[in-house]
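A short worksheet on the structure shown next.
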Amino acid sequence: MKTLKLVRMYSIPVSDPRVSELITWYLGTLQRAIDIIWENVEWRHRFPRIKRKKQVLIVPSKFKAPELPKSKSFKKKLRNDLLLDCPYAKHWVDAVIRTAYSIMKSWRKRYLKGRARKVKPRVGKRFARCKITLMRVDYREKRIKITLKPGEYIEISWSGRWFTRRVEGWRVGEVVLKDDRVLIPFKSTRIIEVRNVVAWDSNELSLDGFSPRTGFIMVDLKPLQSMKITYERKKRIAQSKGLKSIYEKYVTRERNRERDFINKLASGLTRLLPNTTHVFEDLEKEDLVCRKKTSRNRRKRNARTPWKLIQKKLSEKAITVKVSPKNTSRTCPRCGCVLKTRVGRLFKCPRCGFELDRQKLASINIYLKHSKMRGFPHSDEPEKTMMEELWVGVTPSGRSPMIWIPMKRGPESDEAKGRELGIKQYQAL
Ligand SMILES: [Zn+2]
């Protein structure tokens, strides 16, 4: 049994000049808070610890890491300073401080990874993130009352909206105010009884899965790729002719079609593989583990295939787990031998003679990593199911992509399920 947290964001239009005024104050104060935190960042030398077998190496380095001020006295002073210019309820200052810290924390994280420069973050987009203490939610009337000042409120109702029935019984989270609309996150939880595990290897043209229950699963991503290539060409032409608005139109269209594809893919997979934990490689860790030449191609193709988006979408609809990507494409799943090189389409273990198509190897290793982590027995599972295959594809048929199976030999998902999805079945050639 696992709990899946569900969040759905809906927006409701508002037209109230007080909202824009609040946002203007919010952003000014937010930037001030960031300025003050920035001035109080301490730059400390770091001595990274590297564990090598049983030894711990402490590496001296000239690199200085930023530490955000955390003391109670600092936070109290910051709050008092910001309160001097606050015509709104005091909780709004707390909302600002929290947002300022979250912006600074994410800057720090990116800086430590080498993805951000040593430059103070600037607030760009116009928004104001509310705090739960500033909100009163009436679930019966479907109404949110947001405090501006003591005794002054903004009221927003989601009664009669198109999504009202979809969020029946859900809780309201912290809303975000925009100049012309309010974004409301609705939260809920679902208990899922996990009966199946599928490990996914992310490749440019396919998502290659392995599960001891289903066997190999191949999700075809070629339609997504060809769509992206088409738009890349269109964008290039628009750019070379200096047609900025047309270029931007293509950017938006490409993004919408990509999102649409990924949404359909994620819901298709959750319907095709119900009660399933999906295991992925941790792409954040990938950058840390292999920064050498061998991974350059991999990183390049990851840039085109929106892996993180696919993982994120799936994690909103199903239970997902991430494992380290280390050595997944060169470890023998039978004896654990790690090969030095990666050549050819076929993986051949020099120690035990195990052979497998390299494309399928990583998914088995990802599966094994997960089951070791969970302490499941896995002795001969992969070998038993290696002969079974399930192929899944998302094809854009007109405007709505659908899932199809060109070939199926899996024991699990039966035809009934396939029909429900609008799955076309093909006989293997
Ligand atoms: Zn082996």
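All ligand and atom numbering here is 1-based and tracks the order in the structure. Computed from a predicted model, the values in this text were never measured in an experiment.
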Interatomic spacing from NZ in K131 to CG in L134 - rounded to 0.5 Å: 7.0 Å

By side chain to side chain donor-acceptor pair (under 3.5 Å) - contacts of R255 (at least two apart): none

So which protein N/O/S atoms does the Zn ion (ligand 1) have within less than 2.8 Å? C332 SG, C335 SG, C349 SG, C352 SG

Among residues at least two apart in sequence or on other chains, which ones pass salt bridge (charged side-chain N to carboxylate O under 4.0 Å, His left out) with K317? none

Under 3.5 Å, side chain of R108 to main-chain N/O of P66, donor-acceptor pair present? yes

Against the six-membered ring of W107, is K118 placed for a cation-pi contact (under 6.0 Å from the centre, within 45° of the normal)? no

By side chain to side chain donor-acceptor pair (under 3.5 Å), D94 pairs with (sequence neighbours left out) R79

